[in-house]
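Below: the structure, in structure tokens.
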Amino acid sequence: LFNDSFQPPLRTHADWLLQKSEEIGVQIFTKRPLDEQQQTSFNPDNIISSLKKYPKALVKYLEHLVIDRRLQKEEYHTHLAILYLEEVLRQRVSTGGKDVEATETQAKLRRLLQKSDLYRVHLLKEKVQGAGLPMESAILHGKLGEHEKALHILVHEMGDFSAAEDYCLWSSEGQGAACRQRLFHTLLAMYLRAGPSAQDLTVAAVDLLNHHAREFDVTQVLQLLPDTWSVQLLCPFLMGAMRDSIHARRTTQVALGL
């Protein structure tokens with residue numbers, strides 16, 4: 001099974017161990033000292049090719065490359081994401097396609113899709129399309145900069161307002177305050193477009209403002225809000241906005257004084 005780049009004892013022992021236990025056998029490659037792993041005889045591409053008949057070991061080894069060693073190679077990130085996705089789809093078939101809580105594999109898939117910028121987004125998007133995985137679809141839309149589509153899925157298809165707020169936070173991570181503000185304003189506008197008849201979205205809009213006051217431009221928000229909303233309803237938002245405004249003004253005054 002293992003090619004000639006591996007020493008004969010290693011080829012024999014690795015194959016034997018993997019047949020007994022894939023989780024233990026793969027440690028021949030993942031638990032070696034880093035200087036050994038960087039030798040040509042332990043070329044990751046050769047090991048990946050040799051592990052194709054051992055799916056569990058292959059996933060473990062790709063996790064080792066992507067998560068532990070943090071290798072910045074598109075093929076590894078894409079391959080791992082596809083293996084996660086295929087396992088999630090198999091699990092859904094076994095449960096009859098019923099909605100269940102995210103499995104450990106699905107949580108890993110979502111985390112990889114969120115954190116990595118190296119996998120082939122369009123390829124994963126094609127594979128997810130029509131698979132009944134709205135959260136994963138929203139994440140992939142976000143990776144392509146299609147934030148309104150992503151938020152629409154979270155709000156109108158899933159009805160998960162908490163996930164929509166989290167999306168604004170993680171999607172703008174490292175992008176600066178202006179990007180985060182645009183995302184929160186997009187989400188607020190989506191809530192408000194539903195009109196007063198959509199009571200759950202109205203409540204979501206109020207909660208969004210009151211819990212994330214510092215993420216909004218107060219002037220823009222006041223122009224968007226319906227005239228029927230009371231000051232009392234938005235008291236936490238207005239108080240938070242005033243505190244931030246006063247703090248910013250005082251900071252500016254101190255800076256000018258210095």
Side-chain angles (χ1 to χ4, degrees), residues 102 110-117 119 121-122 124-125 128-129 133-256:
R110 291 176 181 177
R111 189 159 53 246
L112 179 63
L113 295 181
Q114 285 181 350
K115 298 296 184 183
S116 174
D117 293 319
Y119 60 87
V121 180
H122 288 284
L124 268 296
K125 187 179 174 185
V128 165
Q129 190 172 7
L133 298 172
M135 178 65 77
E136 290 74 9
S137 181
I139 294 171
L140 292 168
H141 276 298
K143 286 292 181 176
L144 294 172
E146 300 169 347
H147 299 300
E148 189 152 358
K149 288 183 179 179
L151 289 170
H152 185 276
I153 291 172
L154 297 172
V155 172
H156 294 293
E157 292 186 22
M158 297 184 65
D160 193 335
F161 307 137
S162 177
E165 293 182 22
D166 289 342
Y167 174 88
C168 294
L169 295 172
W170 71 257
S171 189
S172 60
E173 198 170 297
Q175 303 297 317
C179 176
R180 179 166 296 187
Q181 187 179 91
R182 282 195 300 273
L183 288 175
F184 273 97
H185 274 274
T186 300
L187 179 57
L188 176 64
M190 189 172 292
Y191 288 154
L192 295 177
R193 278 200 298 269
S197 59
Q199 187 64 33
D200 55 340
L201 294 183
T202 300
V203 172
V206 174
D207 289 343
L208 182 69
L209 289 169
N210 289 339
H211 293 154
H212 298 279
R214 65 176 56 195
E215 311 297 350
F216 290 93
D217 180 290
V218 183
T219 304
Q220 291 184 37
V221 169
L222 293 178
Q223 292 173 350
L224 289 172
L225 296 182
D227 296 335
T228 55
W229 285 24
S230 67
V231 173
Q232 185 178 2
L233 188 67
L234 295 170
C235 187
F237 167 69
L238 295 172
M239 292 293 292
M242 288 179 60
R243 276 197 301 270
D244 288 343
S245 177
I246 293 170
H247 175 72
R249 186 180 66 183
R250 288 176 177 173
T251 302
T252 302
Q253 290 174 340
V254 171
L256 290 172

Reported [atom1]-to-[atom2] distance for the pair [X] and [Y], which is rounded to 0.5 angstrom:
X	Y	atom1	atom2	result
Q223	T219	CD	OG1	7.0 Å
L124	Y119	CG	OH	6.5 Å
Q114	D166	CD	CG	8.5 Å
H141	H152	NE2	NE2	10.5 Å
L151	L183	CG	CG	6.5 Å
Q220	L188	CD	CG	10.0 Å

Counting C-beta onward and ignoring hydrogens, is there a side-chain heavy-atom pair between [X] and [Y] closer than 4.5 Å?
X	Y	value
K143	D117	yes
V155	L187	yes
F161	L208	no
H185	V221	yes
M135	I153	no
Q199	V203	yes

Counting only heavy atoms from other residues, nucleotides and ligands, does the tally under 6.0 Å from CD of E157 exceed 12?
yes

Is the count of non-hydrogen atoms from other residues, nucleotides or ligands lying under 6.0 Å from E146 atom CD greater than 12?
yes

Do side-chain atoms of R180 reach the backbone of L169 as a donor and acceptor pair under 3.5 angstrom?
yes

Looking at T186 and R182, would you say the former's side chain and the latter's main chain have a donor-acceptor pair under 3.5 Å?
yes

Heavy-atom closest pair, residues [X] and [Y]:
X	Y	value
P226	L192	CD-CD2, 4.3 Å
H147	G142	CE1-O, 3.6 Å
A138	A150	O-CB, 3.3 Å

Between Y167 and W170, how do the two ring planes meet: parallel, tilted or perpendicular, split at 30° and 60°?
perpendicular

If the plane angle is over 60° it's perpendicular, under 30° parallel, otherwise tilted; pick one for F237 and F216.
perpendicular

Positive for side chain to side chain contact (heavy atoms under 4.5 Å, CB included) with L209, one of V218, L225, L233, L238:
L225

CA sep, side-chain torsions, deciding dist, call: D200, Y191, side chain to side chain contact (heavy atoms under 4.5 Å, CB included):
CA-CA 9 Å; D200 55 340; Y191 288 154; over 6 Å; no

Could you go step by step and tell me if E148 and M190 meet the side chain to side chain contact (heavy atoms under 4.5 Å, CB included) rule?
CA-CA 9 Å; E148 189 152 358; M190 189 172 292; 3.8 Å; yes

